[in-house]
Amino acid sequence: MTSASSPFPYVPGVRFLHSPGPSHVPKAVQDAMTQQPMDMGDPRVDAFIAGCERGLRSLLNTKAADVFLYAANGHGAWEAMTVNLIGPGQKVLIPGTGHFADSWALLADAMGAHVLRTPYNEGYPIDIDAIEQVLRADTKNEIVAVFAVHTDTASSTTSDIAAIRRAMDASGHPALFVVDVVASLGAIKFEMDAWGVNAVIGASQKGLMTPPGLGFCAADERAMAVCNKNPAPRFYWDWRLRKSDLSYRKFCGTPPQNLLMGMQAAFGLIEKEGIDNVLSRHQLLAGAVHAAVEAWSEEGNVQFLCRVPEARSVSVTAILVAPGIDPERIRQIAREQFQVLIAGGLGQFAGRVFRIGHLGDLNAAMVLGALGGVEAAMESMGVAVGGQGVRRAVQYLSEHSKQAGV
Ligand SMILES: *Cc1c(COP(=O)(O)O)cnc(C)c1O
């Protein structure tokens with residue numbers, strides 16, 4: 001039955017949001033966002049902005065990096081990073097990780113940067129030797145920065161950030177190391193200071209459990225020094241103007257107060273659970289999803305897109321389907337018949353892949369529900385997957401789950 005105001009049928013119960021962003025928003029975050037905005041002189045505004053900055057520094061494991069929050073999505077944060085660090089015609093190296101590295105490269109190119117790439121090998125993480133070779137070949141040190149994506153959400157592959165820093169150091173090249181943590185922060189450990197990462201970009205709607213609309217950059221002293229000398233024209237995004245104690249300057253105008261209230265509440269939840277527990281819960285739930293995909297794969301109709309088990313993301317799993325199977329139809333049936341919302345293939349993976357998100361405000365029962373809906377969708381389409389996916393996930397959880405609250 002459809003209601004007068006909506007063409008979609010009424011659905012009782014919960015819809016399971018398992019897209020790898022936006023992810024499920026906890027009730028505490030929703031509630032925090034329903035507060036009235038405040039007059040900008042109210043010290044409470046400064047307090048929740050400071051709470052967000054503190055929360056980000058703590059998750060990033062950085063003591064002193066400057067944090068800049070924007071009323072923007074991840075693309076906005078990419079643009080902010082690019083325009084603050086790379087002047088027109090200057091060189092930036094973007095290692096291939098799949099769709100999100102491609103998109104960042106397109107954006108940087110459109111902004112006048114000279115973009116160098118290393119190839120993406122489908123199913124594999126970043127080719128670290130290729131980065132080292134490009135840096136060694138740049139004898140005049142013209143490359144200003146390496147822009148690497150930690151977890152590429154389209155290929156569901158996580159690259160080894162500490163190892164990239166070691167290769168950069170081995171090459172002796174002074175380029176800045178910049179990392180996109182949109183899909184990884186809050187799901188897997190990140191050590192900005194210890195790994196020698198000079199700047200990061202991220203967004204609110206994935207591991208940070210907040211609705212879409214907030215992007216951020218963090219920059220260490222070396223990145224700030226490059227920013228200060230960079231001739232690229234800018235105003236709204238400019239870190240030099242935003243580095244201030246005044247909230248109106250920090251945001252180049254009115255802060256996006258309700259999103260910030262939500263993000264502060266999300267950091268409160270992370271603190272309550274304990275960051276180590278948050279990260280081990282992600283590992284556990286990813287293990288359950290991987291166990292199910294392993295079981296489904298045995299019939300030969302689906303398989304992991306990421307071929308390297310250690311590089312499979314704890315945030316999202318991309319699943320390749322055999323030719324002749326339409327992943328968009330799996331998505332549609334999962335959504336409309338089983339109330340499980342999953343993602344499709346992006347870029348080169350469009351029409352070949354579906355993706356199950358498993359990051360943010362999730363527990364074991366939610367993941368089992370999602371796996372059940374996806375398995376049921378495939379079965380109802382006649383895609384043979386053996387019927388053991390949920391069973392294996394249950395088995396995995398019963399063997400590995402020691403933590404309360406999961
Ligand atoms: C989602 C995502 C982005 C883009 O974020 P938007 O908010 O959609 O602009 C960038 N990088 C990665 C790794 C992502 O997962």
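Note: hydrogens, waters and symmetry copies are ignored here, and every other heavy atom, side chains too, is used. Just follow the structure's listing: the first ligand is 1, and inside any ligand the first atom is 1.
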Residue and atom name of the nearest protein heavy atom (relative to atom 3 (C) of ligand 1), distance in Å to one decimal:
Phe100 CE2, 3.4 Å
Could you check atom 15 (O) of ligand 1 against the protein and tell me its nearest heavy-atom contact, residue, atom and distance included?
Thr153 OG1, 2.2 Å
Exceeds 12 heavy-atom contacts within 6.0 angstrom, atom CD of Gln283:
no
Pull out every atom of ligand 1 sitting under 4.0 Å from any heavy atom of Trp78, numbered as shown with elements.
10 (C), 11 (N)
Using a strict cut-off of 4.0 Å, indicate which atoms of ligand 1 neighbour a heavy atom of Val149.
13 (C)
Identity and separation of the nearest protein heavy atom to atom 4 (C) of ligand 1:
His75 ND1, 3.7 Å
How far is atom 5 (O) of ligand 1 from its nearest protein heavy atom, and which residue and atom name does that atom have?
Gly74 CA, 3.4 Å
State whether the number of non-hydrogen atoms from other residues, nucleotides or ligands found under 6.0 Å of Arg222 atom CZ is greater than 12.
yes
All heavy atoms of Leu208 vs all of Leu185, minimum pair found to be CD2-O, 4.0 Å
Can you tell me if CD on Glu328 sees more than 12 non-hydrogen neighbours from other groups inside 6.0 Å?
yes
Ligand 1 versus Lys206, non-hydrogen atoms closer than 4.0 Å: side chain, backbone, both, neither?
side chain
Distance to 0.1 Å, residue and atom name: give those for the protein heavy atom nearest to atom 11 (N) of ligand 1.
Asp180 OD2, 2.7 Å
Nearest heavy atoms of Ser315 and Ser184, plus distance in Å:
OG-CA, 4.3 Å
Testing the 3.5 Å rule here: is there a donor-acceptor pair between the side chains of Gln337 and Gln332?
no
Listing, residues 173-183 side-chain donor-acceptor contacts under 3.5 Å, not counting sequence neighbours, or none:
residue	atom	partner	partner atom	Å
His173	ND1	Ala175	N	2.9
His173	NE2	Asp138	OD2	2.7
Asp180	OD1	Val182	N	2.8
Asp180	OD2	Trp78	NE1	3.0

Have a look at ligand 1 and work out which part of Asn73, if any, has a heavy atom under 4.0 Å from it: side chain, backbone, both or neither.
both
Identity and separation of the nearest protein heavy atom to atom 8 (O) of ligand 1
Gln205 NE2, 3.9 Å
Counting from 1, what ligand 1 atoms have a heavy atom of Ala183 closer than 4.0 Å?
15 (O)
Which option out of Thr151, Val316, Leu346, Asp152 puts a heavy atom nearest to atom 13 (C) of ligand 1?
Thr151
Tell me which pairs pass ring-ring contact (aromatic ring centres under 6.0 Å, His included) where either residue lies in residues 208-238, with sequence neighbours left out.
Tyr70-Trp237
